[in-house]
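Residues: numbered from 1 along the sequence shown.
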Amino acid sequence: MILRRHLSLANLYLQNAYKGWEGVAPESNFTIPDVNIVGDVPKGLKGTFVRNGPGLIEKHGHALAHPIDGDGMVCALTFSGDGNVHFKNRFVETQERIEEETQKKFLYRGQMGSITEDQKAHDSKAVQEAFVTGKLPKIRFRNPSNTNVWHWGDRFISAYETSIPYSLDPYTLKTIGKEDLNKTLKLKRLGAHFRIDTSSPSNPRLVTGAFVRSPLLPNAALEINEYNWDMTLARGKIFEVEGLTYFHDLAIIDGYYVVHKSPFVTMNVKEAAAILSGTTGPEYNMKLNKDLPSQFIFLPKDGSGKPIVIDTPFPFHMYHFGTSYRDGDHVVLTTTSLTGKFDMSWEWRYWLSNMCKAPGKFGRFDINLKSGAIEYSELDPASNEFPCSHPFRHGHKGTKFNYLMACDEPERGLPFMDVVKVNMDEGASGRKVWRADGLISECVFAPRAGFDAATELEEDDGWLITQFFDPDVPYQTQFLVLDAQNVEAGPVCRIKLDFKINYPFHGTFTPYVFT
């Protein structure tokens with residue numbers, strides 16, 4: 001009876017999940033009233049949870065084709081350490097947003113197919129002229145700066161992987177301007193994901209990636225940089241990677257950066273012309289193509305020697321790595337793998353891909369760098385995405401805990417209602433699950449000891465923070481805090497807003513307090 005009730009609730013939530021994208025939240029900055037906090041905020045929880053995502057899916061009368069085209073809204077939830085909580089949210093004031101808000105008009109097309117007929121006519125003409133003149137067409141896509149946000153040095157960095165990032169004031173979320181990281185971004189863009197390398201605990205480094213590919217060239221340019229806390233460049237290199245068609249995330253292990261060459265995006269001159277002219281959007285080329293190679297590429301951090309390329313046991317697309325480390329020649333990588341007929345359809349006008357038809361599966365790859373041998377084992381049966389792990393232990397030998405945004409039901413890919421804790425040394429036998437009474441978002445791990453947690457305390461000593469939406473209460477957003485060592489017990493507190501924030505993409509936690 002309980003399972004049947006849960007199944008019926010899941011069906012109802014899925015049918016109404018689209019409500020989580022509706023409307024535009026007001027920009028705000030306030031202390032959360034005690035009456036809006038259910039339960040007790042952990043006294044040891046100190047720092048700022050910050051997340052990014054589309055703040056709207058309609059722009060001046062034009063409905064967007066996909067949430068990925070929506071203007072980024074950053075939200076920050078600051079925990080003072082004494083039980084008080086402060087909230088603020090604000091749009092990222094990109095150049096495109098400023099121009100559109102000034103003219104009250106949808107001016108710039110999105111990369112996921114959001115385009116007007118006038119824009120389509122203009123861009124089609126520009127492509128035709130380019131074939132005649134031999135010059136690149138002048139076509140401008142919007143930079144929504146909506147995919148991720150993180151703290152480093154004296155600023156927040158808001159990123160969208162095909163464009164230049166923006167810097168924000170961490171105290172007010174006011175947009176400072178375009179951010180070139182002290183003129184070090186040679187590709188003029190920054191990927192949405194990063195890693196913090198604490199292999200030298202006294203000198204942590206920010207590791208970033210960026211990617212550019214031309215349909216006219218066989219090799220892609222992949223820029224990987226490492227930054228000191230003061231944003232000076234510690235190390236940087238542009239790798240030429242043959243056949244790389246997409247990049248979203250990277251793993252760091254001893255001696256190597258790791259990326260996945262995904263059989264995901266096809267792009268030749270004809271397809272590029274169709275996208276640029278507006279005949280099709282990039283999303284039509286973003287689907288699993290089993291004829292393309294699926295490989296892990298190990299890039300030497302010091303730039304010496306050739307990359308190690310290892311074919312995966314089966315073709316899959318992946319967006320996100322989980323815990324990863326190296327022990328001699330043995331490497332462990334965890335990922336959420338997307339297989340079958342995966343594509344980027346906006347399913348149920350809720351999720352960003354066709355998760356019901358191609359559910360994500362969390363698994364482990366054991367690789368021998370010397371022999372090239374590779375083995376795969378599924379770690380959890382639930383459909384999932386956005387795996388989260390300890391932010392200050394990337395690449396540390398023996399790390400094992402991952403936290404999944406999941407749908408823990410047989411033969412169902414959506415909706416995401418479950419927080420699943422996976423011990424990758426135990427797999428499904430050691431999993432811990434809590435089912436929410438609504439829809440959860442990506443979990444972000446907040447370690448108890450801040451940066452000191454890189455070497456101190458247990459790996460799972462901290463909390464998970466996730467944004468929560470109940471379709472039956474469509475005017476409200478909640479933030480849930482769970483004890484990472486006792487996930488199955490559910491939230492230790494709920495923090496309620498008196499308005500709704502649209503679903504997020506990615507978020508991070510910093511031990512710094514910004515109020």
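Among all heavy-atom pairs drawn from Met405 and Ser441, the shortest one is SD-C, 3.4 Å. The two residues Ser114 and Asp69 come nearest to each other via the heavy atoms OG-OD2, 2.6 Å.
With hydrogens and angles disregarded, no donor-acceptor distance shorter than 3.5 Å links the side chain of Thr477 to the backbone of Lys500. In terms of modelled atom types and a separation under 3.5 Å, the side chain of Asn384 and the main chain of Ala382 share a donor-acceptor contact. Although no hydrogens or angles enter the test, the distance criterion places a donor-acceptor pair under 3.5 Å between the side chain of Asn354 and the main chain of Asp343. Using a distance-only test at 3.5 Å, with no hydrogens or angles considered, no donor-acceptor pair links the side chain of Asp461 to the main chain of Leu457. Using a distance-only test at 3.5 Å, with no hydrogens or angles considered, no donor-acceptor pair links the side chain of Gln478 to the main chain of Phe468. Counting only distance, with no hydrogens or angles, the side chain of Tyr503 and the backbone of Ala17 share a donor-acceptor pair below 3.5 Å. Panel note: side chain Arg494, backbone Val481; no donor-acceptor pair is recorded below 3.5 Å. Not a single donor-acceptor pair under 3.5 Å links the side chain of Asp380 to the backbone N or O of Val422. Between the Glu426 side chain and the Arg431 main chain, no donor and acceptor come within less than 3.5 Å of each other. Judged by distance alone, with hydrogens and angles left aside, the side-chain atoms of Thr508 form a donor-acceptor pair with the main-chain N or O of Val149 at under 3.5 Å.
Here the side chains of Phe194 and Ile157 are not in contact, with every heavy-atom distance at 4.5 Å or above. Counting only heavy atoms from C-beta outward, the side chains of Asn148 and Phe505 never approach each other to under 4.5 Å.
Asp169 and Lys174 are not joined by a salt bridge, as no carboxylate oxygen comes within less than 4.0 angstrom of a charged side-chain nitrogen. Salt bridge annotation for Glu378-Lys361: absent, with no cationic side-chain nitrogen under 4.0 angstrom from a carboxylate oxygen. A salt bridge links Arg195 with Asp249: the closest approach of a Lys/Arg side-chain nitrogen to an acidic carboxylate oxygen falls below 4.0 angstrom.
Relative orientation of the His151 and Trp229 rings is perpendicular, given thresholds of 30° and 60° on the angle between their planes. Taking the six-membered ring where the residue is Trp, Phe451 and Phe392 present tilted rings, their angle falling between 30° and 60°. Ring geometry for His320 against His506 counts as perpendicular: the plane angle is over 60°, on a 0 to 90° scale with 30° as the lower cut. Using cut-offs of 30° and 60° for the angle between ring planes, the Phe247 and Phe211 rings count as tilted. Ring-plane geometry between Phe342 and Tyr319 is classed as perpendicular, the angle between the planes exceeding 60 degrees on a 0 to 90 degree scale with a lower cut at 30.
Sorted by first and then second residue, the side chain to side chain donor-acceptor pair (under 3.5 Å) pairs involving residues 39-58 (not counting sequence neighbours) are Thr48-Thr78, Arg51-Gln467, Asn52-Ser158. Judged as a ring pair (Phe, Tyr, Trp, His ring centres under 6.0 Å), the pairs with a partner in residues 406-437 (not counting sequence neighbours) are, in order, Trp351-Phe416.
The ring of Tyr246 has its center closer than 6.0 angstrom to the ring center of His317. Between Tyr512 and Phe79, the distance from one ring center to the other does not fall under 6.0 angstrom. Note: Trp150 and Tyr227 fail the aromatic proximity criterion, with ring centroids not under 6.0 Å apart.
A cation-pi arrangement, defined by a distance under 6.0 Å to the six-membered ring centre and an angle within 45 degrees of its axis, is present between Lys421 and Phe401. Seen from the ring of Tyr376, Arg364 does not count as a face-on cation partner, given the 6.0 Å and 45° thresholds.
Few gaps surround CZ on Phe30; more than 12 heavy atoms of other groups in view lie less than 6.0 Å from it. Shown here is Tyr171, whose OH atom has no more than 12 heavy atoms of other residues, nucleotides or ligands within 6.0 Å.
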Please evaluate residues Trp346 and His66 with respect to the criterion side chain to side chain contact (heavy atoms under 4.5 Å, CB included), reporting the C-alpha separation (whole Å), side-chain torsions for both, the decisive distance (0.1 Å), and the verdict. CA-CA 6 Å; Trp346 185 14; His66 199 286; 3.9 Å; yes
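Under the side-chain contact (heavy atoms from CB on, under 4.5 Å) criterion, Thr162 pairs with Gln111, Tyr160, Arg189, sequence neighbours left out.
Of the residues listed (Trp463, Tyr403, Phe386), the one engaging Phe445 in a ring pair (Phe, Tyr, Trp, His ring centres under 6.0 Å) is Tyr403, and it is the only one.
In this structure, Lys496 NZ and Leu480 CG are separated by 10.0 Å, a value rounded to the nearest 0.5 Å.
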